[in-house]
Amino acid sequence: MTNEEISKILAEMAVLYEMESVEFKPRAYERASDGVAGLQEEVESVYKKDGIKGLMKIPGVGRGIAEHLKQLFSDGHFKEYDRLKKKFPVDIASLSSIEGVGPKMIKLLYNQLKIKNISDLEKAAASGELRAIPHIREKMEQKILKGIEYKKSGGGRVEIGKLLPLARAMKSRLEKVKGVEAIEIAGSLRRRQETIGDLDFLAVSENPEMICEFFSKMPEVSHVFAKGPTKVLVRLKQGLDADLRVLPKVSFGAALQYFTGSKDHNVEVRKIAIKKGYKLNEYGLFKSADTRGKKRRTTQKETLVAAHTEEEVYKKLGMDTPPPEMRLNRGEIEAALKHRLPKLVGYGDLKGDLQTQTDWTDGANSISEMAEEAMRLGHEYMAVTDHTRSLAMTGGADEKKLLRQMSEIDKLNLKFNPRSGGQKSKFKILKGAEVNILKDGSLDIDDKTLAKLDVVGAAVHSFFNLSREDQTARIIKAMGNRNVDIIFHPTGRIINRRKPYDVDIEAIIKAAKRTGTILEIDGHPWRLDLSDEHIRMAKEAGVKMVIDTDAHSVHELSYLEYGIAQARRGWAEKSDIINTLPLGDFLKCLKK
DNA sequence: GCCGTTTTCGGCCCGACTGTTTTCAGTCG
C-alpha cells in the first residue's frame, strides 16, 4: 500500500470523525495524514524495518494510529475505518471537494437523502429535493450546483507561470485605488509554490469599503462569493479563487506573516506563541490575558507586542524570519529558533543561463536575439543548447549542424565582444547542446563533437516508461560520459500534464556526486525539475546544481525567477548553484 | 488520538462570512 493511499485513508478518517462530531480526533488524523504524505520513505517499509516504534516516529502518528496501520499491513483491515465506512458508504473525498460542502452536510445528505456521490448530489439539487434538509434553502442549493459545475470544469491548482504575471497586474491596479496605502500578494504565490490554489491579496486602506468594492468588480472576476467590509472572496475567470483582506496599517506585518505561511507553518508558529504566553492572529502578537474557554473571549488586558513587520513578530517569538519560500513547516521553524536558517540563493545571484533553444531547432528566436535579451537581463553568459538529432520533430542537430552552429557562435561572440575597440561588454555565448540519452544510455552525438562544445546537457526525451531500474541505469550511464556536464530536467515531469518517469532519484544524486555531473533546476514553470525536495536532497549530498530557463523564446529568458524560487524552496544556497559564478570559475566546475 | 521549555494529563490555532434563524453552526482559509 502506498503512502498516498494511506494518507488518503487517514484524511478520510478525519472527515468521518468530524461527521460524528468527535472532538480532537479529526485534527489528529489530519496531522497523521500530512505526516505520511510528507514522508520520503514508504510507510510500509518503515513498518517492516522498525515495526510499531518506527511508525510512531512519523510526525502525527502515535501509538493508536500506529496500531491501526500495523493491522492494515498485516491483514488489510483498518477496523475503525471499516466500521465508519459501513455507516457512511459515501465518496467523501469527492463530496468534500465541492465548495461549501463539509463533513456535517455530507452526513445530513446521506442520512436524509442517501446521497453518496457528486452525481447523486447534483440530481437532488437540480430537482429541489435538497430543500428537504433543514438549513438548505435556495441559496445553498445554488451554491452547491455552482460548486459542482466548477469541479466538473476541472477547477484546481494552476501553474505559477500563469498566475504570477496576472497577480502582479492586478496588484498594480489595486495600488492605484484611492485610499490604498499598501497592497501585497501573500499565500502560496508569495511562497512561489509550483502550483497555486488561490490568490491572496492584503491591503491597508483608509477606505476599506472602496477597495473591497473595486476588487469585487475587477474585470478578472467572474463571481463574488462573499463581500464584507474587510474581506472579499471571488472566483476569477481564470478558474481559481482570489481573496482580499483589508487590515489596519499597524497590523500589516502580522497579517503578512499570517497569510504567507502554509497552514502547517502557521499552526506551529502559533503554538510557539502560546507557549511563550502570547496569542498570535492576523492583527498582531498579543500578550494575552486568559483566552481559554471558547465562549468568553477576553478583549481586555491584551497588549499588542508586535505587528508592524514580520521580522518583529518572529523576533518576539525568538526566531529569525524564514524567507517566504521556506514557510512550509519542513524544518525551517526549528532552524529559525536556532538561528540557523540557510542563506538562500538570491534572485539577483545568477550570472548566466544554461539551457536555451533557438530557431536552429524548436526555439522561436535567433541566437543573436536570444543573446541580446540575455545581455539586457544582465547575464554574463548564455549557453545555446539546441536539441540533437534523434529528436527529429524539432529538427534536432546532427554533428555537422552542431559544427556549423559553433562557428556561427564564434562569429557572434566576436561581434558582441570585439578583441579591439572600446566595447567593454563581457558577454559570452557558450556552445552547447541538449543531447538525447538513448534507450541504452548512450548519446545521439559522438564524443568527438561533444568534446568541442563548452557545455553539454543530456536529457531523456523518449522511452518514458522504462522500469525504474532501467531508467535509472540509463541515466547513470550517460552521467558516466566525460563530456556530459549537466543532466537536464532530471525527472521529466510536466506539471499537471505528465508524471515524472520512474527513476531512483537518490541513485541519480549519488551518481552525480561520484561522476561530478551537475543536476539542473529547470526553471520553466511547466517543468520546475528538480523539485524542491530533490533539490534539498542534492544539496545535502553535496551535489552541485545549475538554475536555468529552458527558454524557447526571448521572453522565456525571464523564467530564471521561477527556477530561483524553486531552488530557494529546496533550501539551496549560493554555493550550491554554480551559475552564480563568473564565467571563468563556472567553466572550472565542468568536467573538462 | 497526539504530544510535552505547563511531559503521562490536559490541553489541542484563530477569525471572517454565510445562510438561516433570532443567537449560531458550518465552512473556509
Side-chain angles (χ1 to χ4, degrees), chain A residues 10 13-15 17-19 21-35 55-69 80 95-108 131 133-144 147 186-188 197-202 208 212 224-234 241-247 251 254-255 257-286 288 291-295 297 299 317-318 329 337:
Chain A
L10 294 172
M13 285 294 290
V15 181
Y17 278 126
E18 191 91 55
M19 288 161 71
S21 298
V22 176
E23 278 197 292
F24 304 116
K25 284 194 191 188
R27 277 315 84 66
Y29 273 89
E30 254 172 46
R31 279 198 300 270
S33 170
D34 291 345
L55 294 176
M56 286 173 70
K57 286 193 183 131
I58 299 167
V61 176
R63 178 155 305 271
I65 292 181
E67 292 284 355
H68 287 311
L69 291 178
E80 192 61 5
L95 282 174
S96 56
S97 73
I98 303 294
E99 179 97 33
V101 177
K104 296 291 156 61
M105 191 182 291
I106 291 175
K107 183 180 180 182
L108 277 175
R131 298 197 204 180
I133 294 176
H135 304 287
I136 295 188
R137 293 289 169 268
E138 193 186 348
K139 281 198 172 170
M140 274 311 293
E141 186 182 272
Q142 286 308 309
K143 191 171 170 178
I144 286 168
S188 54
D198 60 8
L199 294 183
D200 299 286
F201 291 96
L202 299 183
C212 286
V224 179
F225 291 111
K227 178 151 89 72
T230 64
K231 178 174 171 173
V232 186
L233 254 167
V234 303
D241 296 348
D243 52 78
L244 171 74
R245 286 287 304 257
V246 189
L247 295 130
S251 304
Q257 194 283 324
Y258 187 96
F259 288 107
T260 297
S262 73
K263 192 177 158 192
D264 291 343
H265 175 92
N266 287 345
V267 168
E268 289 308 312
V269 172
R270 268 168 260 164
K271 280 189 200 161
I272 291 170
I274 291 167
K275 267 186 217 151
K276 298 195 182 251
Y278 296 120
K279 183 183 79 169
L280 179 62
N281 59 29
E282 62 264 56
Y283 298 107
L285 184 68
F286 299 89
S288 49
T291 53
R292 300 211 187 95
K294 284 170 189 167
K295 304 270 161 66
R297 220 189 313 142
T299 48
L317 296 175
N329 193 27
L337 282 165

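A note on names: the letters A, B, ... follow the listed sequences, proteins ahead of strands, and every chain is numbered from 1. No experiment lies behind these values; they were computed from the predicted model shown.
Listed by chain and residue number, A:Glu67 satisfy the salt bridge (Lys or Arg N to Asp or Glu O under 4.0 Å) test with A:Arg63 (two or more places apart in sequence, or in another chain). Annotation: side chain to side chain contact (heavy atoms under 4.5 Å, CB included) contacts of A:Ala14 (sequence neighbours excluded): A:Tyr29, A:Glu30. By the side chain to side chain contact (heavy atoms under 4.5 Å, CB included) test, A:Thr230 pairs with no residue at all, sequence neighbours left out.
Taking atom C1' in both B:dT8 and B:dC2, the straight-line distance is 12 Å, to the nearest Å. Using P as the reference atom, B:dT20 and B:dC28 are 15 Å apart when rounded to the nearest Å. Comparing the same atom, P, in B:dC14 and in B:dC9 gives a spacing of 25 Å after rounding to whole Å. To the nearest whole angstrom, the two C1' atoms, one in B:dC17 and one in B:dT23, are 16 Å apart. B:dG26 and B:dT21 are spaced 14 Å apart, taking the C1' atom of each and rounding to whole Å. With C1' as the reference atom, B:dC12 and B:dT7 are 15 Å apart, rounded to whole Å.
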Query raised in the report: Can you list the steps and then say if A:Met13 with A:Ile65 is a side chain to side chain contact (heavy atoms under 4.5 Å, CB included)?
Result: CA-CA 11 Å; A:Met13 285 294 290; A:Ile65 292 181; over 6 Å; no

Report task. With side chain to side chain contact (heavy atoms under 4.5 Å, CB included) as the test, would you mind laying out the steps for A:Leu10 and A:Arg31 before giving the verdict? Result -> CA-CA 9 Å; A:Leu10 294 172; A:Arg31 279 198 300 270; over 6 Å; no

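Of the residues near DNA chain B, A:Arg27 and A:Ser96, the one whose nearest nucleotide (by heavy atom distance) lies more toward the 5' end is A:Arg27.
Note on A:Asp200: only backbone sugar-phosphate atoms sit closer than 4.0 angstrom, heavy atoms only; bases stay farther off. If you check every strand for non-hydrogen atoms under 4.0 Å, A:His265 touches nothing. Note on A:Glu268: nothing from the nucleic acid sits closer than 4.0 angstrom, heavy atoms only. Backbone-only engagement by A:Val61 is indicated by non-hydrogen atom pairs under 4.0 Å involving sugar-phosphate atoms exclusively. Contact annotation for A:Val101: backbone-only contact, meaning every heavy-atom pair under 4.0 Å involves sugar-phosphate atoms and none involves a base. Across all strands, A:Ile98 comes closer than 4.0 Å only to sugar-phosphate atoms, never to a base (heavy-atom distances). At the heavy-atom level, A:Lys263 lies under 4.0 Å from base atoms of the strands shown.
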Please enumerate all protein N or O atoms sitting under 3.5 Å from an N or O of nucleotides 7-10 of chain B, with distances to 0.1 Å.
none

Polar pairs (N or O, both sides) under 3.5 Å between protein and nucleotides 17-20 of chain B?
from: B:dC17; atom 1: OP1; to: A:Thr230; atom 2: OG1; distance (Å): 3.2
from: B:dC17; atom 1: OP1; to: A:Lys231; atom 2: N; distance (Å): 3.3
from: B:dT18; atom 1: OP1; to: A:Lys227; atom 2: N; distance (Å): 3.0
from: B:dT20; atom 1: OP1; to: A:Arg137; atom 2: N; distance (Å): 2.5

Would you list the protein and nucleotides 22-26 of chain B atom pairs, both N or O, that sit under 3.5 Å from each other?
none

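Shown here, B:dG26 forms a base pair with B:dC17; the pair counts as Watson-Crick or G-U wobble because both key distances fall under 3.5 Å.
The two residues A:Asn329 and A:His265 come nearest to each other via the heavy atoms CB-N, 3.7 Å.
We find that the ring of A:Phe24 and the base of B:dC2 do not stack by the test of centres under 5.5 angstrom and planes tilted less than 30°.
Residue A:Tyr283 has a polar side-chain atom (N or O) positioned under 4.0 Å from OP1 or OP2 of B:dA16.
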